[in-house]
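Structure, as structure tokens:
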Amino acid sequence: MAPTIRSPFRRTLALMASAAILAHAGMNGVAYAQAAPQTITPGVTTPAPATPETTAPAPTPPAAAAPETAAPAPQQAAPIQAVVPNSGPASVADLAEGLLDAVVNISTSQNVKDDEGAGPAPRAPDGSPFQEFFNDFFNKQQGNKGGNHNVSSLGSGFVIDPAGYIVTNNHVIEGADDIEINFANGSKLKAKLIGTDTKTDLSVLKVEPKTPLKSVKFGDSSTMRIGDWVMAIGNPFGFGGSVTVGIISGRGRNINAGPYDNFIQTDAAINKGNSGGPLFNMKGEVIGINTAIISPSGGSIGIGFSVPSELASGVVDQLREYGETRRGWLGVRIQPVTDDIADSLGLDTAKGALVAGVIKGGPVDDGSIKAGDVILKFDGKTVSEMRDLPRVVAESTVGKEVDVVVLRDGKEQTVKVKLGRLEDSDQAAASDDSAPDGSQDDGVITPDPGENNDMDQPDTGDQAQPAPGTPDQHKGQVSPDAATPKNVLGLSLSLLSAETRKAFGIAESVDGVVVTEVTPGSASAEKGLKPGDVIVEVAQEFMKSPDAVAAKVQALKQEGRRNAQLMIASANGDLRFVAVPME
């Protein structure tokens with residue numbers, strides 16, 4: 001069944017009432033227009049509506065005024081033609097008829113223990129005339145405790161190969177012990193699971209038919225435009241073979257269902273049970289797989305979402321061939337490019353994906369891509385925003401060598417990258433939530449505690465040691481080095497020493513300039529900087545000392561920059577980029 005995204009629509013009834021009023025007015029208009037021709041009698045001219053006589057009639061549009069301004073000669077009178085009632089838009093009956101046999105109903109069953117979640121059996125009040133019957137019934141139920149019963153569910157799917165391959169949603173068959181396919185002709189076949197992908201919520205099933213099945217093929221969803229007509233066929237609420245028609249309402253929707261969200265939004269009615277069913281274009285090609293709806297009641301309100309075929313077809317091919325997905329892996333950690341970061345980098349608009357770290361031992365650990373780079377294009381595809389990158393990387397072939405366009409040191413560069421494979425394991429597959437520092441962590445782009453180790457950083461072993469200072473363990477702050485105290489952008493800065501490392505618990509792998517205090521209400525405080533953070537870079541230049549930070553910030557101001565881009569390392573080495581206003 002289709003997952004429902006419920007929203008607290010408090011005005012639902014009011015909106016429905018308004019819609020009913022408008023619909024009533026519309027129907028009256030249609031009825032009037034269709035009833036008008038019935039007054040026309042063959043061979044009799046219908047008179048024009050009577051007009052009150054006035055000495056100075058109001059001006060009328062030329063087309064309407066022509067018949068009344070002069071009495072035309074009988075031979076010039078145009079014959080009155082009856083208005084043919086509008087029969088509605090073109091029918092999709094022929095299209096639907098050729099597709100219905102390829103759409104199937106999927107029923108699943110799962111064994112569940114009867115005593116799961118069961119509490120103590122109720123008892124009838126003592127002395128009740130029904131006490132004997134009541135207790136006998138529940139004693140029998142208790143005697144059967146520990147048995148199993150089946151839980152059934154229904155969904156939709158469609159045949160993509162006459163040999164018996166069927167596509168549906170993962171959530172339709174997830175956890176099922178038995179999967180049965182019900183065809184339009186009433187026949188039924190048991191199905192086995194070939195492969196499933198939880199990240200895109202897709203699964204491939206296989207049945208063994210005696211004769212070839214009616215099948216459909218994938219179309220290209222990338223060519224579909226907002227406003228194009230589409231048709232959904234499925235099994236809503238168990239009503240098999242249901243056809244609904246609508247348009248594409250939106251593209252590229254992110255509903256936080258998974259790391260590769262790129263849904264097609266449609267107003268074609270989709271309800272519970274439509275999950276896994278196809279969304280067709282007017283050529284009869286599958287351009288989407290119906291997956292989710294937004295609804296306050298569980299029923300369709302015209303906001304449904306489908307996995308686009310441009311994403312689904314590749315996943316389905318891999319599931320058929322390997323029984324699993326084999327996604328490309330870049331091995332970087334990214335975060336969004338905000339307006340402030342774009343300004344600090346000299347970008348005209350916020351675009352691309354900002355590399356916050358490189359995974360040690362990953363495909364780009366050779367220095368081809370570095371922390372601080374902004375990925376603008378990947379294999380010829382534009383990366384408009386951060387969430388575009390995981391999807392295009394995942395869709396790429398493992399081992400493929402691709403061109404990646406990055407912005408580095410204010411200039412665009414093209415680098416060659418050979419993709420690795422994203423392993424679906426607990427170590428490589430990340431959660432759908434963002435990392436605590438705001439960077440993306442979605443299975444394609446994964447963090448590594450040691451990601452600082454592979455960065456190009458100078459040896460800081462000969463750094464001057466700060467003058468003795470007394471750490472304040474309770475406040476988590478350390479007095480800045482007396483020799484090199486600096487206050488920059490509302491930050492008190494100090495050299496990173498053994499003393500400050502111990503005070504803030506900073507790992508040995510982290511190098512840079514430590515923040516010892518943050519001025520409350522400052523721009524840095526508003527950006528989330530705190531004591532114990534380490535400034536690794538300013539404007540992609542490594543910082544050795546507080547003096548270097550102050551000098552770089554001053555240089556940026558002289559260049560007319562409004563924001564300073566800082567690479568910040570947390571105590572354990574996790575990196576993030578922060579653009580701090582310098583005004």
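When a residue number appears, it is its place in the shown sequence, counting from 1.
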Is the side chain of [X] donor-acceptor paired with the backbone N or O of [Y] at a distance under 3.5 Å, no angle test?
X      : Y      : result
Gln335 : Phe577 : yes
Thr325 : Leu319 : no
Asn281 : Gly284 : yes
Ser156 : Gly276 : no
Ser309 : Gly219 : yes
Thr266 : Gly304 : no
Arg387 : Asp261 : yes
Thr244 : Ala269 : yes
Ser295 : Gly299 : yes
Ser306 : Pro308 : no

Exercise for review: Go through the steps for Leu330 and Val417 under the test side chain to side chain contact (heavy atoms under 4.5 Å, CB included), then give the verdict.
Suggested key: CA-CA 8 Å; Leu330 191 58; Val417 172; 3.6 Å; yes
If you take all heavy atoms of [X] and [Y], which pair is closest and at what distance?
X      : Y      : value
Leu205 : Ala191 : CB-CB, 4.3 Å
Val245 : Trp229 : CG1-CE3, 3.6 Å
Ile293 : Asn271 : CD1-CA, 4.4 Å
Ile247 : Asp267 : N-OD1, 2.7 Å
Pro278 : Val103 : CG-CG2, 3.7 Å
Phe183 : Val159 : CE2-CG2, 4.4 Å

Practice item. Go through the side-chain N and O atoms of Glu310 and Ser221 and say whether any donor and acceptor fall under 3.5 Å apart. Key: yes
Check your understanding: Cut-off 3.5 Å, side chains only: do Thr200 and Asp197 have a donor facing an acceptor?
Key -> yes
Could you check whether any side-chain heavy atom of [X] comes within less than 4.5 Å of a side-chain heavy atom of [Y], counting everything from C-beta outward?
X      : Y      : value
Thr397 : Leu419 : no
Ser107 : Leu154 : yes
Phe280 : Val286 : yes
Val392 : Asp379 : no
Val104 : Leu213 : no
Glu395 : Leu311 : yes

Practice item. Could you name each residue pair satisfying side chain to side chain donor-acceptor pair (under 3.5 Å) that touches residues 178-187, not counting sequence neighbours? Key: Asp178-Lys190, Asn185-Ser187
From [options], residue fulfilling side-chain contact (heavy atoms from CB on, under 4.5 Å) relative to [X]:
X      : options                : answer
Ile160 : Val316, Asp317, Ile166 : Val316
Phe305 : Leu279, Ile294, Ile270 : Ile294
Ser275 : Asn169, Asn290, Asp201 : Asn169

For the [atom1] atom of [X] and the [atom2] atom of [Y], what is their distance to the nearest 0.5 Å?
X      : Y      : atom1 : atom2 : answer
Ile289 : Ser203 : CD1   : OG    : 10.0 Å
Asp177 : Ser109 : CG    : OG    : 6.5 Å
Thr291 : Leu202 : OG1   : CG    : 6.5 Å
Asn262 : Asp388 : CG    : CG    : 8.0 Å
Asn274 : Ser242 : CG    : OG    : 7.5 Å
Ile369 : Ile375 : CD1   : CD1   : 4.5 Å

Review point. Step by step, would you call Met231 with Leu95 a side chain to side chain contact (heavy atoms under 4.5 Å, CB included)?
Key: CA-CA 9 Å; Met231 179 174 66; Leu95 178 63; 3.8 Å; yes
Review point. Would the number of heavy atoms belonging to other residues, nucleotides or ligands and lying under 6.0 Å from CZ of Phe237 be above 12?
Key: yes
Practice item. Give a yes or no on whether Lys206 atom NZ has more than 12 heavy-atom contacts from other residues, nucleotides or ligands under 6.0 Å away. Key: yes
Exercise for review: Check the pair Leu354 / Met386 against side chain to side chain contact (heavy atoms under 4.5 Å, CB included), numbers first and verdict last.
Suggested key: CA-CA 7 Å; Leu354 178 60; Met386 181 189 72; over 6 Å; no
Exercise for review: Give the C-alpha distance, both sets of side-chain angles, the deciding distance and a yes or no for salt bridge (charged side-chain N to carboxylate O under 4.0 Å, His left out) between Asp574 and Arg333.
Suggested key: CA-CA 10 Å; Asp574 287 340; Arg333 184 179 179 185; 3.5 Å; yes
Exercise for review: Walk me through it: do Leu376 and Val383 pass the test side chain to side chain contact (heavy atoms under 4.5 Å, CB included)?
Suggested key: CA-CA 5 Å; Leu376 302 175; Val383 180; 5.9 Å; no
Practice item. Walk me through it: do Lys283 and Glu285 pass the test salt bridge (charged side-chain N to carboxylate O under 4.0 Å, His left out)? Key: CA-CA 6 Å; Lys283 297 178 183 179; Glu285 299 169 332; 5.1 Å; no
